Every structure is written in structure tokens, then in C-alpha cells.
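None of the values given here were measured: they were computed from a predicted structure. Labels below follow one simple rule: chain letters A, B, ... track the order of the sequence lines, proteins then strands, and each chain is numbered from 1.
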2 protein chains.
Amino acid sequence: MNALSELHPARVAIGLNAVLAVVERERPKVLCVRSENGLWRLPYGPFDPERHRTFEIGLREWVEKQTKVSLGYVEQLYTFGDKGRDAPLAALAGGAAGDRIVSVGYLALAPEPAAVDAADAAWRDWYEFFPWEDWRDGEPPCLGDAILPALARWAGGARARDAAAARRDRIRLAFGLDGAGWEEERALDRYELMYEAGLVAEAARDRNLQPARALAGTGADMASDHRRILATAIGRLRGKLKYRPIIFELTPPEFTLLTLQRIVEAIVGFELHKQNFRRSAEQSGLVIRTRRTAQQTGGRPAALFRANRLALKDRAGKGLTIPRLRLAPAFSLGRT
Amino acid sequence: MNALSELHPARVAIGLNAVLAVVERERPKVLCVRSENGLWRLPYGPFDPERHRTFEIGLREWVEKQTKVSLGYVEQLYTFGDKGRDAPLAALAGGAAGDRIVSVGYLALAPEPAAVDAADAAWRDWYEFFPWEDWRDGEPPCLGDAILPALARWAGGARARDAAAARRDRIRLAFGLDGAGWEEERALDRYELMYEAGLVAEAARDRNLQPARALAGTGADMASDHRRILATAIGRLRGKLKYRPIIFELTPPEFTLLTLQRIVEAIVGFELHKQNFRRSAEQSGLVIRTRRTAQQTGGRPAALFRANRLALKDRAGKGLTIPRLRLAPAFSLGRT
DNA sequence: TTAATAATACTCCGGCGGAGCATATATGGG
DNA sequence: CCCATATATGCTCCGCCGGAGTATTATTAA
């Protein structure tokens, strides 16, 4: 079982993808670039093993060069190597067809959107690509109107009865139906189900259906598998909020508790219980009250807070609590 | 900012590393292979982009071929691409010096150790490589005797005063000193600190110190950066236990609650409060009481349980609670 | 029969988080 | 100046979870 002797020198190209996220005026945004076929894509750079000692160094370098933003928080997300995702990428990259491109996805956070000087780059609200993930104004209409019915049809269309039941189970879990409860961090599960069911434009595109048609209400598609990478980032960020004080990578130096709450809400995609959020935020020790107040609140002035840098290190094991407001309504797929 | 045009066809080889973990008689074990220089290494296989549609398919295929184990639970851990880690690997692989090898690490779990038929493969207790991570019999002697004093010296040896304070801070957090509390999932932080401080053999080896000497009590070293990969796996598994019912990937079909507790303890590296563990395990709905009992307990017979497959899917969002027994003793590095 | 060893059953209690009510301090309009 | 409106902020009530410990029950070995 000496595997090393079997290690033959098959080579692949490695690309680095950054999901650079900010929250601006209650909107979560990611840095996007207009790709040659008109779709948005994530900033993408090659990894040059000659020049970069580590992936992260390489990533920081080309992001800084391209966007003049120096990255603060950076975390590796996942490495994507599936076949199928590479064909369009390899073509764009000028490689031979069939060249395999592996992407290492990274999540980067910044407190405010940097000005981008390139004409084809822009900050886009991420719910543009995932409208069903934003419950801040109640249940997104596209869910009940289009997505869930289509998923139910897909489940029913399975060959075997077991398979249909298994599909229904997955849908129920991912979308929190039948009282299972919406888990915001399952963004990737939801996207992958929709992809598998052929609801999103990428699915039609990857299966060479012409023209690539998607169900209305399933959001804008992105180049290659970038929407999958973005879903991974959203899920990771949402999950991590609960156990790491990562939210303060997205806050300005000073903020009111309501501002902080709005930033959290933008990320998790639903509204929080205000008083309980304040209580746990103050008790967490993660924020420090300054003596100043914000006056333009439209009501009583709000105390300004700043992140407690010490606690951010010490209590690295804790995050803010997410006091949910309303229970997810109990959808059903019919038979279960 | 069109990055695609900059995507040049630099190629690297991709390897897949598996941390295949089991718990056998209260010992957590990983599948290891004896490498050519006598050190243990993780099973390692090349990723062949021609043959494998996804990484995971490739991983499963060669692990099954090499070990006759068909992998159940598999999860991607991290992708390691740092320079420095590749030189020895590339040499072993017969590649040219300077060839870059990127490793995608995977964590795989199985309920019992499969018989391995290769002479150079074996299941090794992972605390052989991380003796400081096992607190089940109280504080590991190597910590206070060797590791913490050496780390304190390293911190004190920093050039600037700030740097020394920063080092002490990192040590305090990673090892839970001064009442910060031992966080078992920080296994990677601890290993990386020890590597940076030059305490582990790999550090001396990578810095070309001859002979590579390590502090006594810092565990057995592994080939290449495999101990780092293993530390990543341990930390990930320990963290995930708390919020996913992943422990049941490691249990036999039926088990007593004490057996389950011992498996958890083997992973997290400390003892749990027995009564509270039972209470939360039963209440979690993750286990189902069978009618049978285990008689050979040495005392009153114990009820046998099995995993509740339904709940494992439904309550995928929950894990077992880890009721800690004793508080970590309050070490100190002296000045803080 | 007794000691040893576990398994199992309860109790007590503090804190966290869900839910809601009450009060304080702004602004803008009559 | 007074009032409606909009927030910010303070406080209460309560159930559940999890930390800690005590008591009782069912085996096996001496």
C-alpha cells in the first residue's frame, strides 16, 4: 500500500476565488466582476506556485492589486474540483478543453465596501442571487410561488418510491418544512437541491440544454459554479456567527446596537428580537459602550459601542446569540 | 480587473490525504502508513483528473483499493498548499525538486477498525502524536514538565516587547491558561504554536537543522506536514461533535450509554459527567433504547441503545452535549 | 452473605434565552 | 408649548438546559 510510488505527475491548474463580503446600509454585498458572457462572477485569480509561498499570500496579492482593498479577515472555505465545473472555466482561461481547474474558495470580510476602480466590478446584494434566503420581510414569495411547488414536482418525479421519499426528506430538512424549522446556515443544501432539481439556470447550462432556462424566482445565475461557492460562503458565515465573534469584521469602528443588529440580520436573513439581542450583546462582553451617542436615530439617541478587541481574542469561542423572532411557518410538501 | 486573462497555466500536482479515524477500546485511532524514512504518514493518493470526476470519488477509490475499507462518512477538511511542505513530498513522489504539491485533506470516520492487509499500514492511537491532547487521566505531564516552560521561554525570547506579549496571549488562549479554559477543539492552534516555537521535530526538520531534534514529550513526528493535517482533523471532529450527531459514525450498531460516553471521551480527550451525559443523550432523541441489555459490565446490566437514524437526519442540527467534569486548572506563564 | 462495580433515578439550582411591558428621550407638526 | 411618533433603553416573568451531587438498584466475584 505504498501510495507514493503511485503518485504520478498529473497536473492541474489552481485558481483562487474570493467571496469578499461587506454589509452596506442593511444589505449584504459581495464583490462581483462582469464576466465575458455577461454573467456576474466572483473575483478569480490564478495561484502561481513560483511566486506565492501560500494560497493566502497569493489571494491577498491579487485582490489588492485588482481592487486596492487590503484584505483583513480571510478564511479558506472549500476546494472545488468537480468535473463539469471546469469546462467553461478552462475555456475562458484559454486552456485546452478538458483541462482541469481546481478552485480554492476563500471568504473575506471587510467593514465597508471599498471603492472599486474597475468598470466591470461592482458590489452586488447577495440576495440578488439567492432571493429565497432573505426572510427579513417575511417569507420570500418566490418560495411558495415557485420553488417549493417545483421541488415537490421533482420529488414526485423520482423513479422509485423510496427515491421520492428520500427527495422529500431532503427538501423538508433543507427548507425547514413541516415544522422542521428554517436553518439559515443550510444555504448550500438549498442551492444544491435546486440545482439537482434543475430549477436554477446553472443546471440547465451545465446539462447543455439550449437555451438555458430556469424557473422564475430562482435568482440571477452566475458564471461557472460561482453561485455554489457563494452559497458555501453564506452558509459558513451564517453558521460561524453563532460561535465566533466574526461579525465585528463587518462593523464600522463605532456602531449602535441597532446597527449591529441590522448587520446580523442582513447576514442571517431574518429579523431578530430587539430587546433580547441588546441584552445578550451587552452581556457578552464583546462590545464596549463609549460615551458618545448617535443623534440621527429618529428617536431617542442611541449609545455608540465599539468592539472589545480584548474579548474578541479571549472569547474567541463565543459568538453573538441570535434571538429569533418568529418561528418558521410550517410548510408542507403534501404527502410526507 | 479581468483576472481571467492573467490565468496562466501553471500546474501543480494534487494529492488527497485521508485521516481515517475510528475508536477502538477507548482509544481514538487513525490509519497510518510507514513511510520510507521510517516515520508514520497518512494514507496518501494522487488525484487523477482524467479518471475521477470529483475528489471524493478519487479518495474513496484508492482508499478502498489500498485498505479494503469502503468509506462511510467523508468530509473535506482543508487544502494545504504551503511551500516548504512540498519539498520532501515531491522528492518522495519522484518529482523534480521544487515541484509544488497541493494536498486536499479529508476526514473519514468508521465504526470499527478494518483489518488492513498491508504490512506497512497500521491503526495508531492519535495521542501518540499528540500526548498533550489527552486529559482523560488528568493533566498530561508533558504539558507542565516540558511544553509550557518551553513555550514561555520562546515567548520571552521575542525581539520586541509587544511581540513577547502577543506570543504569551496566543499561548494563553490556545492552552487555556490563566483561567481561559482548555478548548479541546483548538488542537491545531496548539500544534502550530509548538511548531512555530520549534518544539516539535517537524519544525527542526523543515528548518534543516541537523539532526532534527525535538523537545521530549512532544509526541511522535510524522512525515511531511501530516501531523498538521491530523491536528486539523482532530480539531474539526471535536468541534463538530457539539453541533452535529457525527459521533454515531463511530459507534457500533448497539452500545450502552457508557460505551457512547467513552467514545466521546476518547475524541474530546477528557472525562465527562456521567449522569448528565446520560440525561442529555436520552433526552436528545438521538438514541433509541432497545430491549436488550449488556451483561458483562462488571455491575448492573446496562441497557443497549442504537442510533436513531430518523433523528440523525431530522436533528442534523444538533449534537450531543458535552458535560465537562472538572474545570481546567489555572496555569500561568508568569507575567501576563 | 458481603463487597465491589456499575447502572439508573432523582433533586437542587443558577443562568440563558424567549416574550413582553414600561419608561425615557429625541424629532416634527400644530 | 403640547402632542404624536419613533426609537432607545430598562426591567420582569418564566421555562428549560445543563452543572453538581445524592440515593437506589442490579449484577458479579469473593
Distance below 4.0 Å between B/Lys274 side-chain N/O and C/dA6 OP1 or OP2
no
Do A/Glu183 and A/Arg238 touch side chain to side chain, with heavy atoms closer than 4.5 Å?
no
Could you give the CG-to-C1' distance, from A/Leu272 to C/dG20, as a whole number of Å?
17 Å
Between P on C/dA9 and NE2 on B/His273, what's the gap in Å once rounded to a whole number?
16 Å
Can you check the A/Arg262 CZ to D/dA8 C1' distance for me, whole Å?
12 Å
Answer yes or no: is there an ion pair linking A/Glu271 with A/Arg136, defined by an N-O contact shorter than 4.0 Å?
no
Round to a whole Å and report the spacing from CD of A/Glu282 to P of D/dA8.
13 Å
Can you check the A/Glu271 CD to C/dG18 P distance for me, whole Å?
16 Å
Once each nucleotide of nucleotides 23-30 of chain D is scored for protein heavy atoms under 4.0 Å, what B/S/- sequence comes out, 5' to 3'?
--BBB---
Round to a whole Å and report the spacing from CZ of A/Arg278 to P of C/dA22.
19 Å
With A/Arg279 via side chain to side chain contact (heavy atoms under 4.5 Å, CB included) - residues at least two apart
A/Asn276, A/Gln283
B/Arg27 charged N/C atom sitting above B/Trp126 aromatic ring, 6.0 Å / 45°
no
Pairing of A/Glu26 and A/Arg262 as salt bridge, 4.0 angstrom limit:
yes
Pairwise N/O distances under 3.5 Å, protein to nucleotides 14-17 of chain C:
residue: C/dG17; atom: N7; partner: A/Arg279; partner atom: NH2; Å: 3.2

Going by the rule side chain to side chain contact (heavy atoms under 4.5 Å, CB included), which residues pair with A/Glu282 if we only count those two or more places apart in sequence or in a different chain?
A/Leu257, A/Arg278, A/Arg289, A/Phe305
Between P on C/dA7 and CZ on B/Phe277, what's the gap in Å once rounded to a whole number?
12 Å
Any carboxylate oxygen within less than 4.0 angstrom of a Lys/Arg side-chain nitrogen, looking at A/Glu185 and A/Lys242?
yes
Can you list the residues that meet the side chain to side chain contact (heavy atoms under 4.5 Å, CB included) rule with B/Gln261, with sequence neighbours excluded?
B/Leu258, B/Glu265, B/Leu272, B/Lys274, B/Phe277
Side chain to side chain contact (heavy atoms under 4.5 Å, CB included) partners for B/Thr251, two or more places apart
B/Phe248, B/Phe255, B/Leu260, B/Ile263
Under 4.0 Å between any heavy atoms, over every strand shown, what does B/Leu257 touch: base, sugar-phosphate, or nothing? Just pick one.
nothing
Starting at CZ of B/Phe270 and ending at C1' of D/dG19, how long is that distance when rounded to a whole Å?
14 Å
